Amino acid sequence: MVCQEELLIEKVCKLYEQISSLESLKPCKNVDMLFTQLVLTCIPPSPIDVTKLNKTIQDIRSHLIKLCGEAEGHLETHYSTILGSYENPLDHLNIFPYYSNYLKLGLLEFTILSQHCTHVPNKIAFVGSGPLPLTSIVLASNHLPSTIFHNFDLDPLANSNAQRLVSSDPDLSKRMVFHTDDILDVSNALKDFEVVYLAALVGMDKEGKNRIIDHLAKFMAPGALLMLRSAHGARGFLYPVIDPCGDLQGFEVLSVFHPTDEVINSVVIARKYPMPVHSLDQGLGSMILPNKCSEIQSFNPLNHGNIIEELTIEEQLL
């Protein structure tokens, strides 16, 4: 009997073949249908570890994540343009088909943030905000009514579209700031933020993601919180997977949450260490950035899925 994992991989590969042969990934009936099928295939909880599949499947997965990112960008631009044509765009956010997911994700991330933040943050940075910065909008509108959100994106057009969504709102127009920058070019300014969000599709391969995380570890303020989005199980065919135990050097991992409902992204929260731990071998000038990581199951108040608290059981000095 063919195992469920093989059937899942076969279905994902067939959809990949169809998606990769499309002339355009801009929203249309066929594009929407194929990506809906892909999401519905990958959403059910699965024990699969996509990071340990063979090289051929890894290459397909890597390309598929990039195709998903491109399609998501087109979808957000499409709806941002429509919303921007309204006199009060924020009154019509529910025309975006995944708006309810952002409401759930916003509540989830705010709840997790509240468990680890001792005060209401004055400034939050969102890296990779895009043309439809729904996370910032939802958090600013529903959960953090006094916080200023600094949104970073490489694309000036994306920032222009995003700014148009909030420009007519007397409150958010003052609390939503947009920066057209590569986050790798932003250094000391990162120390101003108590919380930094890293979007799922910023750094679409492991090397790119880790380069950005290392940069944030270098320049974020000691004690500041980093909120990251990852993926678990088959959802790792849609978004990059962050390994809390290996990819977050310089941070103390506080918790990892894996939703099992229609909210696709896992949520990882980590705290920047006050200072790096120096190696005992000072002669080589080497340095070890600390990372605490071990998993225990914990109570989940939101009933979205599984929350894993990261606690130290053992620390080693090399």
Side-chain angles (χ1 to χ4, degrees), residues 2-76 97-98 101-102 104-105 108-109 128 130 135 198-213 228-248 256-268 304-306 308:
V2 181
C3 73
Q4 290 298 313
E5 185 174 304
E6 289 174 358
L7 289 172
L8 170 66
I9 292 169
E10 184 181 345
K11 189 167 184 182
V12 168
C13 288
K14 282 183 178 177
L15 286 166
Y16 164 75
E17 287 174 13
Q18 293 175 274
I19 290 169
S20 60
S21 66
L22 292 169
E23 289 185 11
S24 170
L25 295 177
K26 291 183 178 179
C28 67
K29 188 176 180 180
N30 195 30
V31 169
D32 296 348
M33 179 192 70
L34 287 171
F35 277 101
T36 298
Q37 286 181 19
L38 179 64
V39 169
L40 291 175
T41 300
C42 295
I43 272 190
S46 167
I48 191 171
D49 184 348
V50 296
T51 64
K52 293 181 179 175
L53 300 174
N54 66 53
K55 187 180 184 304
T56 301
I57 304 300
Q58 288 290 3
D59 290 344
I60 288 173
R61 173 180 166 254
S62 178
H63 191 213
L64 185 57
I65 288 172
K66 289 174 182 173
L67 293 172
C68 288
E70 185 182 341
E72 191 171 307
H74 286 312
L75 186 71
E76 290 188 1
Y98 302 106
N101 286 16
Y102 277 91
K104 290 178 181 178
L105 184 58
L108 170 62
E109 291 182 328
T135 295
L198 185 61
L201 291 170
V202 174
M204 281 195 276
D205 56 40
K206 193 170 184 68
E207 293 74 22
K209 182 81 74 177
N210 286 352
R211 195 179 309 121
I212 293 164
I213 291 171
L228 309 101
R229 289 174 183 170
S230 181
H232 185 65
R235 298 167 186 224
F237 283 112
L238 307 174
Y239 289 102
V241 174
I242 291 171
D243 173 12
C245 299
D247 296 340
L248 291 169
V256 180
F257 182 87
H258 299 308
T260 54
D261 59 7
E262 64 273 18
V263 175
I264 296 174
N265 289 120
S266 299
V267 179
V268 181
H304 278 285
N306 299 316
I308 298 167

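Small disclaimer: the values here were computed from a predicted structure and weren't measured.
A pairwise comparison of heavy atoms in Val241 and Ala231 identifies CG2-O, 3.5 Å as the closest pair. Residues Cys68 and Leu38 come closest through the heavy atom pair SG-CD2, 3.8 Å. Listed here is the closest heavy atom pair of Cys42 and Val12: SG-CG2, 4.1 Å. Ser230 and Ile242 get closest at one heavy-atom pair: OG-N, 2.8 Å.
Side-chain atoms of Leu228 and Ile213, non-hydrogen and from C-beta on, do get closer than 4.5 Å to each other. In this structure, the side chains of Ile60 and Ile9 stay at 4.5 Å or more apart for every pair of heavy atoms. Contact check for Leu105 versus Leu108: side-chain heavy atoms found under the 4.5 Å cut-off. Here the side chains of Glu109 and Thr135 are in contact, with some heavy-atom distance below 4.5 Å. Looking at heavy atoms from C-beta onward, Ile65 lies in side-chain contact with Leu201 at the 4.5 angstrom threshold.
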side-chain contact (heavy atoms from CB on, under 4.5 Å) between Leu8 and Glu5, worked out: CA-CA 5 Å; Leu8 170 66; Glu5 185 174 304; 5.6 Å; no
side-chain contact (heavy atoms from CB on, under 4.5 Å) between Leu248 and Val268, intermediate numbers included: CA-CA 10 Å; Leu248 291 169; Val268 181; 3.9 Å; yes
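Atom-to-atom distance recorded for Leu67:CG and Leu15:CG is 12.0 Å, nearest 0.5 angstrom.
Under the side chain to side chain donor-acceptor pair (under 3.5 Å) criterion, Ser266 pairs with His258, sequence neighbours left out. Residues forming a ring pair (Phe, Tyr, Trp, His ring centres under 6.0 Å) with Tyr16 (at least two apart in sequence, or on another chain): His63. Remark: Gln58 engages Leu53, Arg61 in a side-chain contact (heavy atoms from CB on, under 4.5 Å) (not counting sequence neighbours). Take Tyr98 and apply the side-chain contact (heavy atoms from CB on, under 4.5 Å) test, not counting sequence neighbours, and it matches Leu75, Phe96, Asn101. With sequence neighbours excluded, the residues forming a salt bridge (charged side-chain N to carboxylate O under 4.0 Å, His left out) with Lys14 are Glu10, listed by chain and number. For the side chain to side chain donor-acceptor pair (under 3.5 Å) test, no residue two or more places apart in sequence or in another chain qualifies with Lys66.
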Tell me which donor-acceptor pairs under 3.5 Å the side chains of residues 233-240 have, and how far apart each pair is, sequence neighbours excluded?
unit_1	atom_1	unit_2	atom_2	d
Arg235	NE	Ile43	O	3.2
Arg235	NH1	Asp261	O	3.4
Arg235	NH1	Val263	O	2.6
Arg235	NH1	Ile264	O	3.3
Arg235	NH2	Ile43	O	3.0
Arg235	NH2	Asp261	O	2.9
Tyr239	OH	Glu72	OE1	2.6

Only distances under 3.5 Å count here; give the side-chain donor-acceptor pairs of residues 21-35 to other protein atoms, sequence neighbours excluded, each with its distance to 0.1 Å.
unit_1	atom_1	unit_2	atom_2	d
Ser21	OG	Glu17	O	3.3
Ser21	OG	Gln18	O	2.8
Ser24	OG	Lys26	N	3.1

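Legend: side-chain hydrogen bond (donor to acceptor under 3.5 Å, both in side chains) pairs involving residues 37-55, not counting sequence neighbours, sorted by first then second residue: Asp49-Thr51, Lys55-Asp59.
Few gaps surround NZ on Lys206; more than 12 heavy atoms of other groups in view lie less than 6.0 Å from it.
Lys209 places no side-chain N or O within donor-acceptor distance of the main-chain N or O of Met204, the cut-off being under 3.5 Å.
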